[in-house]
Participant: 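Pasting in a structure now, in structure tokens, and then I'll have a few things to ask.
Just so it is clear, the values below take in all heavy atoms, side chains as well, and ignore hydrogens, waters and symmetry mates.
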Amino acid sequence: MDRLKVGVLGATGMVGQRFVSLLADHPWFEVVSAAASARSAGKTYRDAVEGRWTLKSDIPASIVDMVVKNVNEIETIAGEVDFVFSALDLDKADIRNLEDAYAKRETPVASNNSAHRWTPDVPMLIPEINPEHLDVIPAQRKRLGTRAGFVAVKPNCSIQPYVPAFHALSEFGPARASVCTYQAISGASKTFGTWPEMVDNIIPYIGGGEEEKSTQEPLKIWGKVTKGEIVNARGPVISAQCIRVPVTDGHMAAVSVSFESRPARDSILERWKAFQGSPRAANLPSSPRPFLTYYEEEDRPQTRLDRDAGDGMGVTLGRLRGDTLFDYKFIALSHNTVRGAAGGAILMAELLKSEGYIQAK
């Protein structure tokens, strides 16, 4: 099978680096264009990330000598790729304009950014949970005046640990939840070298509307496509606190939840063990097997031990027990720059390709 030609916008940033690393040996996609700001444009990728490469693995040989383009070279980039991944670090208005510009040049955009998450006809996808939201793309194409171009986004990294856990229990009607997320510094595109203030420290605030995203984005994911737009679900009601902790990668969530119909503990564990999500997202190259893993040990999951479950695409769970205010409480963990960022966007693109929304030009 010929691989689709891919561009990465924002390729030199932390999430962009994760994109080029994960795509290096991808069976469906091949990176042929790397783009970034004017500061990096014209340099080889090696020179553009010198002193800023954050991954333990080496820069992929296929991209190390690639000349970085300016993300505003839309005509050039659109002319050499089938679609692009977006990991842009710009103002939201600028990101929306750029992503729409690529889409209008018949180049689909699989975005890691938040700029279009609340655009009513832009699907925000966790492929195992809401692939039916792809049905809104024809309405978006009509609005944009495109034949093939569109924008699809993945949701915020903070919700990745607990939304799949709730979705697996949807038959019991999750109704109210309180979530506290303990989020790694890579979520702020930082390392301990660039953020020494985080060493031996916890910051009880994450900007950019993180807590609002944590409570509201799940409602779009569980919403319905109606008359060419996605209408949010009304519940569950989620309260969230988001805390930055001194960890390199991995977002952990301490979750308490009540249900319309309180299940037995064994029923919850059975649903989690069996849950793989929609068959439409099965057998994609980045699909984890299993999706959810429950640990019986009282001290698991642990961030350093378990964030790489399923090559970073799995969700790990533990400490399920009764609660004095809610029905149950538990711990959930996911890798924030793999499942929560680049890997999640790649899985989304795999779904889009498998269903014919992304094709070779």
Participant: Measure the CG-CD distance between Asp82 and Glu106 for me, rounded to the nearest 0.5 Å.
Facilitator: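 Taking CG in Asp82 and CD in Glu106, the distance rounds to 12.5 Å.
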
Participant: So, Asn70 side chain and Asn72 main chain: donor-acceptor pair closer than 3.5 Å or not?
Facilitator: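 Yes: the side chain of Asn70 pairs with the backbone of Asn72.
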
Participant: Which class fits the ring pair Phe85 and Phe83: parallel under 30°, tilted 30 to 60°, perpendicular over 60°?
Facilitator: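 Phe85 and Phe83: perpendicular rings.
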
Participant: Identify whether the distance between the nearest side-chain nitrogen and carboxylate oxygen of Arg117 and Glu212 falls below 4.0 Å.
Facilitator: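 Looking at Glu212 together with Arg117, the answer is no, because their closest N to O distance does not fall below 4.0 Å.
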
Participant: For the pair Asp327 and Arg262, evaluate salt bridge (charged side-chain N to carboxylate O under 4.0 Å, His left out) and give the outcome as yes or no after the intermediate values.
Facilitator: CA-CA 7 Å; Asp327 289 335; Arg262 187 181 191 275; 3.7 Å; yes

Participant: I need the Met313 CE to Leu284 CG distance, nearest 0.5 Å.
Facilitator: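 Between Met313 CE and Leu284 CG, I get 9.5 Å after rounding to 0.5 Å.
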
Participant: So Ser256 and Leu325, do their side chains get closer than 4.5 Å, heavy atoms only?
Facilitator: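 No, side chains not in contact.
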
Participant: Of all heavy-atom pairs between Asn130 and Ile221, which one has the smallest distance, and what is that distance?
Facilitator: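 Residues Asn130 and Ile221, closest heavy atoms: CB-O, 3.4 Å.
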
Participant: Could you tell me which non-hydrogen atom of Glu99 sits nearest to which non-hydrogen atom of Ser86, and how far apart they are?
Facilitator: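 Smallest interatomic distance, heavy atoms only, reads OE2-OG, 2.8 Å.
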
Participant: Under 3.5 Å, is there a donor on one side chain and an acceptor on the other for Thr293 and Arg300?
Facilitator: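 Arg300 and Thr293 do not have a side-chain donor-acceptor pair below 3.5 Å.
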
Participant: Students often mix this up, so state it plainly: with edges at 30° and 60°, are the rings of Trp53 and Tyr45 parallel, tilted or perpendicular?
Facilitator: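 Trp53 and Tyr45: perpendicular rings.
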
Participant: I'd like to know if the side chain of Lys361 reaches the main chain of Ala78, judged simply by a donor and an acceptor atom lying under 3.5 Å from each other, with no hydrogens or angles considered.
Facilitator: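 Judged by distance alone, yes, a pair lies under 3.5 Å.
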
Participant: Would you give the length of the straight line joining atom CZ of Phe150 to atom NZ of Lys104, rounded to the nearest 0.5 angstrom?
Facilitator: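 One finds 16.0 Å between CZ of Phe150 and NZ of Lys104.
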
Participant: Does anything in residues 263-276 form a side-chain hydrogen bond (donor to acceptor under 3.5 Å, both in side chains)? List the pairs, not counting sequence neighbours.
Facilitator: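 Every pair satisfying side-chain hydrogen bond (donor to acceptor under 3.5 Å, both in side chains) with a residue in residues 263-276: Glu171-Arg271, Arg265-Tyr294.
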
Participant: Would you find more than 12 non-hydrogen atoms of other residues, nucleotides or ligands less than 6.0 Å from Glu50 atom CD?
Facilitator: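 No - once you tally the heavy atoms of other residues, nucleotides and ligands closer than 6.0 Å, there are 12 at most.
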
Participant: Hey, what do you get for CD (Glu80) to OG1 (Thr107), rounding to the nearest 0.5 Å?
Facilitator: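 Spacing of CD (Glu80) from OG1 (Thr107) equals 10.0 Å.
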
Participant: Walk me through whether Ser186 and Asn336 qualify under side-chain contact (heavy atoms from CB on, under 4.5 Å).
Facilitator: CA-CA 8 Å; Ser186 58; Asn336 58 298; 2.9 Å; yes

Participant: Which atoms form the tightest heavy-atom contact between Ala148 and Arg141, and what is the distance?
Facilitator: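 Reported closest heavy-atom pair: O-NH2, 3.0 Å.
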
Participant: Without swapping roles, check the side chain of His251 against the backbone of Ile159 for a donor-acceptor pair under 3.5 Å.
Facilitator: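 Not confirmed, His251 side chain does not pair with Ile159 backbone.
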
Participant: Can you give the donor-acceptor pairs under 3.5 Å from side chains of residues 6-22 to other protein atoms, not counting sequence neighbours?
Facilitator:
residue, atom, partner, partner atom, Å
Gln17, OE1, Thr54, N, 2.8
Gln17, OE1, Thr54, OG1, 3.1
Gln17, NE2, Thr12, O, 3.0
Gln17, NE2, Arg52, O, 2.9
Arg18, NE, Thr337, OG1, 3.1
Arg18, NH2, Thr337, OG1, 3.2

Participant: Could you tell me whether Arg244 and Glu210 make a salt bridge, using a distance below 4.0 angstrom between a side-chain N and a carboxylate O?
Facilitator: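 No salt bridge links Arg244 with Glu210.
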
